[in-house]
Amino acid sequence: MREYWTSFASLLGVLAFCQTLVQVIFPPELRFAFIKLFNRILNTFSSYFYFDITEIDGVNTNELYNAVQLYLSSSVSISGTRLSLTRALNSSAITFGLTNNDSIFDTFNGVTVHWEHVVTQRQAQTFSWRPLPEEKRGFTLRIKKKDKSLILDSYLDYIMERANDIRRRNQDRLLYTNSRGGSLDSRGHPWESVPFKHPSTFDTLAMDPVKKQEIMEDLKDFGNGQAFYQKTGRAWKRGYLLYGPPGTGKSSMIAAMANYLGYDIYDLELTEVHTNSELRKLLMKTTSKSLIVIEDIDCSINLSNRKKSNNNGNSMGRSYYDPEMRSGSGCSGGAGGEEGGNSITLSGLLNFTDGLWSCCGSERIFVFTTNHIEKLDPALLRSGRMDMHIFMSYCSFPALKILLKNYLGNKESDLDDKILKELEDVIDKAEMTPADVSEVLIKYRRNKDRAVRELLGALKERAEKNLKNGGLRDKNLNAVEEEEEEEEEQEKRALESPKEGCDCEKENCKKEAEEEEKIK
Ligand SMILES: Nc1ncnc2c1ncn2[C@@H]1O[C@H](COP(=O)(O)OP(=O)(O)OP(=O)(O)O)[C@@H](O)[C@H]1O
Ligand SMILES: [Mg+2]
């Protein structure tokens with residue numbers, strides 16, 4: 001041991017002597033060049049490559065530095081006794097990382113590399129447009145020369161990807177809106193964002209479990225489908241159309257999708273978009289891994305330019321009518337056509353979802369919602385644009401069981417068999433939305449038995465009312481059809497009626513002329 005210390009002291013002595021020699025022999029301006037040359041000679045004989053990744057690259061922040069920091073924070077092999085903890089803005093998670101001048105080994109594709117977090121004091125600045133931090137921070141990656149070509153590029157790509165993943169997972173979801181009506185913020189961004197904290201998940205969503213599972217699997221396949229989309233030459237995007245009466249969970253489903261995939265939401269207010277090119281610009285400013293949502297699509301765009309045949313009824317063979325016709329269902333105004341003074345068109349919207357521009361960025365999901373699928377143009381509904389059509393129905397028995405569990409903590413076995421049977425018998429006839437059912441459950445939730453009884457009462461009452469009205473949905477659907485027929489008839493009459501001074505040979509022109517003659 002003593003010998004070891006003696007040799008160590010001699011080595012230090014030699015080094016100190018060399019340093020003094022360098023200082024004496026080389027003037028300060030040559031000293032730096034000498035050290036560089038010395039390092040270069042050392043590197044030539046070294047079996048390693050070293051890569052410095054500094055925090056600030058010139059005057060710009062180096063994205064790779066931040067990515068490495070995040071990546072290493074997730075590394076399972078971090079085992080030091082001192083770690084740095086950070087919580088970023090808009091993040092609810094705390095990440096830990098290497099402290100100053102600490103180091104760590106990492107393995108990628110069977111190759112081991114070494115990372116060192118290097119922190120030094122920055123030399124006093126004379127003048128700079130942008131004040132730099134006092135500390136100069138960076139990571140040094142040491143990698144064996146023979147391994148460099150094998151892994152360097154793919155390793156760095158992997159780090160960037162992992163870091164983005166971690167960032168997204170740690171960061172709160174963001175909800176973007178374009179409600180500023182086309183004006184840009186100080187950074188030239190057309191979207192405004194707020195943290196998105198909707199608690200809806202697929203667990204809380206009341207719907208048929210088989211359908212729910214199918215949607216979840218579809219979303220998962222999409223999220224993991226990069227290679228598939230690449231291989232098949234398809235843009236990595238998917239469209240979902242959610243349709244059904246108000247209060248059946250369309251918006252809740254969107255929130256559940258975003259929470260499930262960890263995506264941000266872009267809530268596109270079409271009435272605030274004035275031209276097709278503005279729509280395209282908005283699309284270009286969305287990030288990947290996001291849901292682009294247009295709610296109540298039938299109210300957002302004027303579909304009067306659709307072909308007549310599409311206007312008449314339900315081209316998809318599905319239709320329903322909301323008995324309580326909420327105020328929004330009338331869809332006043334809209335973004336399109338002369339009424340709103342906007343020139344955004346259906347074809348602009350189709351291009352938005354499926355044109356070449358829709359492929360800028362990737363991994364994006366378009367979600368449209370509507371209460372009236374029959375009003376939508378088939379072009380909008382076709383596969384490739386809206387790949388999956390999801391009908392959000394009135395509360396079914398399986399959905400009711402989910403609501404009872406969520407709101408009252410009741411399992412199926414907790415409920416009396418007789419009540420359960422009664423609920424099952426009446427639920428479909430009642431045609432109550434999950435929103436209506438939840439309202440009853442919220443009101444009486446402190447007394448579970450009463451809540452179930454009250455719900456049963458409300459369902460029976462609604463079922464009876466529906467029976468008396470001869471099935472509200474059918475009745476109202478007929479009313480809509482009659483109204484549409486009447487409108488059509490009026491349009492036909494308007495087309496056929498003679499204009500002033502008309503001298504055509506049409507039958508009704510002749511008749512009217514005769515009548516006028518009689519009156520005279
Ligand atoms: N399927 C459902 N599962 C769980 N909760 C639901 C469901 N449907 C509705 N709700 C409850 O009702 C409320 C309204 O639902 P939501 O806003 O999702 O309906 P919607 O279909 O989007 O209605 P609208 O067509 O009017 O926009 C939600 O806050 C939610 O609590
Ligand atoms: Mg909604």
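Nothing here was measured: the structure is a model prediction, and the numbers come from that model. One-based numbering, in listed order, for ligands and for the atoms of each.
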Could I get the full list of side-chain contact (heavy atoms from CB on, under 4.5 Å) partners for Met160, not counting sequence neighbours? Glu63, Leu64, Ala67
Number the atoms of ligand 1 from 1 as they appear, then name those within less than 4.0 Å of a heavy atom of Leu205, with their elements. 3 (N)
Please state whether the separation between the Mg ion (ligand 2) and some N/O/S atom of Thr369 is under 2.8 Å? no
In terms of atom number and element, which parts of ligand 1 are under 4.0 angstrom from non-hydrogen atoms of Thr204? 3 (N), 4 (C)
Side-chain atoms of residues 225-234: list all donor-acceptor pairs with protein atoms under 3.5 Å, sequence neighbours left out, distances to 0.1 Å.
from   : atom 1 : to     : atom 2 : distance (Å)
Thr232 : OG1    : Phe228 : O      : 2.8
Thr232 : OG1    : Tyr229 : O      : 3.4

Within the 4.0 Å heavy-atom shell around Pro246, which atoms of ligand 1 are there? 23 (O), 24 (P), 25 (O), 26 (O)
Using distance alone, decide if ligand 1 has a nitrogen or oxygen within less than 3.5 Å of any nitrogen or oxygen in Ala206. yes
Provide the closest heavy-atom pair for Met253 versus Met392 in the form atom of the first, atom of the second, distance. CE-SD, 4.0 Å
For Thr248, is at least one N or O under 3.5 Å away from an N or O on ligand 1? yes
Asn371 neighbourhood, listing ligand 1 atoms whose heavy-atom distance to it stays under 4.0 Å: 25 (O)
Is the Tyr158 ring parallel, tilted or perpendicular to the Phe108 ring (thresholds 30°, 60°)? tilted
Whether the side chain of Lys448 engages the backbone of Leu408 through a donor-acceptor N/O pair (distance < 3.5 Å, no angle test) should be reported. yes
What is the ring orientation for Phe139 with Tyr65, classed by angle as parallel under 30°, tilted 30 to 60°, or perpendicular over 60°? tilted
Looking only at distances, please establish whether an N/O atom of ligand 1 is found under 3.5 Å from an N/O atom of Gly247. yes
Quick check on contacts: which atoms of ligand 1 are under 4.0 angstrom from a heavy atom of Ser252? 15 (O), 16 (P), 18 (O), 28 (C), 30 (C)
Can you classify the ring geometry of Phe222 versus Trp236 as parallel (below 30°), tilted (30 to 60°) or perpendicular (above 60°)? tilted
So, is Gly249 polar-close to ligand 1, with some N/O to N/O distance under 3.5 Å? yes
Take atom NZ of Lys405 as the centre, draw a 6.0 Å sphere, and report whether it contains more than 12 heavy atoms from other residues, nucleotides or ligands. no
For Asn406, which part has a heavy atom under 4.0 Å from ligand 1: side chain, backbone, both, or neither? neither
